[in-house]
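Reviewing the structure listed below.
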There are 2 protein chains.
Amino acid sequence: MLFKQFDLNYDRPAATKTETGMSKHGQRVLITLRKMIANGELPPGERVAEIPIAERLGVSRTPVRIAFRTLEQEGLLRKGDRRGYTVRAITPTEIADAIEVRGVLEGLAARLASERGISLPARSHLIECLSTGDALFSKGFLTDEDMEIYHDFNMRFHNTIIEASRNIAIEDALSRNDHLPFASVSSIAFNRDDMTGEFRRFNFSHMQHHIIFDAIDNGQGARAEALMREHANAALRYTQILGPTQDMPDNFTVIEREDTA
Amino acid sequence: MLFKQFDLNYDRPAATKTETGMSKHGQRVLITLRKMIANGELPPGERVAEIPIAERLGVSRTPVRIAFRTLEQEGLLRKGDRRGYTVRAITPTEIADAIEVRGVLEGLAARLASERGISLPARSHLIECLSTGDALFSKGFLTDEDMEIYHDFNMRFHNTIIEASRNIAIEDALSRNDHLPFASVSSIAFNRDDMTGEFRRFNFSHMQHHIIFDAIDNGQGARAEALMREHANAALRYTQILGPTQDMPDNFTVIEREDTA
DNA sequence: CGTAATCAAATTGGATCCAATTTGGCAAGA
DNA sequence: TCTTGCCAAATTGGATCCAATTTGATTACG
């Protein structure tokens with residue numbers, strides 16, 4: 001099964017701003033379904049009907065129907081010709097595709113931020129993210145807790161640049177990708193059995209943050225864009241890990257932030 | 001009012017592949033609402049409630065609720081903090097933003113198509129599009145009918161390249177932008193009072209198609225990407241036309257293709 | 001034995017009903 | 001007169017009911 005062994009932390013405070021209008025109930029259904037698709041509880045290609053899902057989640061068909069539409073929009077469900085939805089197969093290729101798209105979109109954001117200039121608050125926010133990272137890596141090693149911290153400021157760093165682009169369409173376009181598991185900045189995975197290797201990897205990623213900021217801060221749009229594009233590949237590690245079998249070794253930990261959009 | 005005077009042809013055969021699961025009824029509600037938002041019948045910022053809309057469209061609240069969710073996903077409605085939806089203001093800036101995003105996405109598609117190589121059928125399809133255009137412009141002038149033809153093969157040209165990229169995520173990301181009026185390839189506008197000017201403009205656009213194809217066909221990824229990005233600005237004309245008043249002169253005609261996704 | 005037709009079961013979409021939450025106004029008291 | 005509290009109206013989400021469409025299966029006929 002796909003991503004069966006993943007240990008997704010879906011029980012975290014949401015960091016989104018687009019509060020979809022359903023009350024707690026509908027939200028929970030949507031999030032639960034996303035989770036079930038992501039961890040393979042609903043296998044790819046499986047046909048999902050409203051009634052069984054509704055019974056399984058202990059709600060009526062109405063919130064399930066709404067959720068299905070949303071999940072279709074997000075690309076996690078595909079609609080059959082005549083009736084019924086099927087779980088869309090999320091292959092490593094598709095994740096790689098989504099990451100490539102994220103690369104160009106965030107690259108655009110970085111370029112626009114460079115060209116248009118960033119606000120003072122955004123600038124200091126970015127610098128703060130960089131400092132936090134510097135402090136983290138100056139120790140020479142990383143703990144699990146550090147990974148949480150990294151995950152947090154990494155997300156803020158990226159989001160700040162996207163906002164600084166002052167192009168709403170970028171955020172909109174990204175919000176779709178972010179529903180695909182492991183394609184968004186809001187999820188990082190690391191190998192507990194090779195923390196020194198991971199230290200080097202994330203340190204490199206952090207160094208990229210530094211030079212991206214440098215480019216943006218100096219108005220070097222093309223440089224910022226190219227760097228950010230390349231930086232997106234930092235996440236591409238998943239697909240290397242997953243490889244052809246699409247199974248994840250147990251010693252990997254995934255930090256994910258749930259998304260309510 | 002926003003885009004009030006636009007003469008959108010929404011009554012055309014749908015060209016989409018993602019058939020959203022609603023029966024005719026729900027489809028109609030969704031399309032009607034899109035139309036009402038696009039042509040300003042529902043002014044930007046206006047609060048839309050379920051009951052009045054349902055009564056106005058002669059259906060129950062259920063299909064309206066579903067449609068609201070979809071429209072929120074598409075970015076045409078924004079959800080209030082506590083309750084209710086409001087029509088999102090679609091400013092020229094937002095359209096320009098969306099077009100910029102489309103540029104980088106289609107640019108990515110063009111690059112990938114170049115790098116991975118296009119299939120023989122796709123290649124001949126592109127060539128066919130180019131020939132059709134050549135025949136059109138060789139006359140030295142354009143009629144209204146020609147515009148329809150142009151619109152048609154222009155869309156096919158772009159879609160073929162997107163498919164040729166073999167990156168599903170691009171199509172997914174674009175499908176959101178395409179709901180914003182005038183941000184997608186499926187809509188073109190032209191000024192009937194200046195058909196010679198329009199001839200030159202669309203001819204230029206068609207020439208861009210030629211060199212984009214040349215780049216792709218020769219595996220020149222970076223060139224194809226840059227050209228396609230620039231080509232996206234061909235549509236940017238709307239925002240120039242609209243200007244600050246956001247009103248469209250009567251002598252403009254818009255060809256739009258309705259989208260059922 | 002194969003094919004076609006009809007009927008039943010399942011599934012989905014729409015409408016209506018009910019509950020919960022919010023908003024807004026009106027009134028009472030400081 | 002201003003503020004506060006309470007109540008009513010409105011709005012939204014969920015559940016259930018009903019109709020329409022589709023699937024599939026069984027049976028009958030060639």
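The analysis underlying the following values was restricted to heavy atoms, covering all of them including side chains, and did not include hydrogens, waters or symmetry mates. In what follows, chains are A, B, ... by sequence order, proteins preceding strands, each numbered from 1.
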Q. What residues in residues 48-61 of chain A put a non-hydrogen atom under 4.0 Å from any atom of DNA chain D?
A. A/V59, A/S60, A/R61

Q) Considering heavy-atom distances to DNA chain C, does A/T62 or A/R83 have its closest nucleotide positioned more toward the 5' end? A) A/R83

Q) Taking C-beta and beyond as the side chain, do A/R156 and A/E128 meet within less than 4.5 Å on heavy atoms? A) yes

Q.
Just to verify, which of A/L71, A/L33, A/T70, A/L42 counts as forming a side chain to side chain contact (heavy atoms under 4.5 Å, CB included) with A/L77?
A. A/L71

Q) Whole-Å distance between D/dG13 P and A/R28 CZ? A) 17 Å

(Q) If you compare every side-chain N and O of A/R69 against the phosphate oxygens of C/dG13 (OP1, OP2), does one of them come in below 4.0 Å? (A) yes

Q. Under 4.5 Å between any side-chain heavy atoms of B/D152 and B/T132, yes or no?
A. no

(Q) Heavy atoms only, 4.0 Å cut-off, all strands: where does B/R82 land among base, sugar-phosphate and nothing? (A) sugar-phosphate

**Q.** Distance, rounded to the nearest Å, where A/K79 contributes NZ and C/dT12 contributes P
**A.** 8 Å

(Q) What I want to check is whether an N or O donor and acceptor connect the side chain of A/R65 with the base of D/dG14 at under 3.5 Å. (A) no

(Q) Please verify the inter-ring angle class for A/Y85 with A/F68; under 30° counts as parallel, over 60° as perpendicular, anything in between as tilted. (A) perpendicular

**Q.** Contact nearer the 5' end of DNA chain D, comparing A/R47 with B/R47
**A.** B/R47

Q) Does A/R88 reach the main-chain N or O of A/G75 with its side chain, forming a donor-acceptor pair under 3.5 Å? A) yes

Q.
For the backbone of B/R166 and the side chain of B/R116, can you confirm whether one donor and one acceptor N or O come within less than 3.5 Å of each other?
A. yes

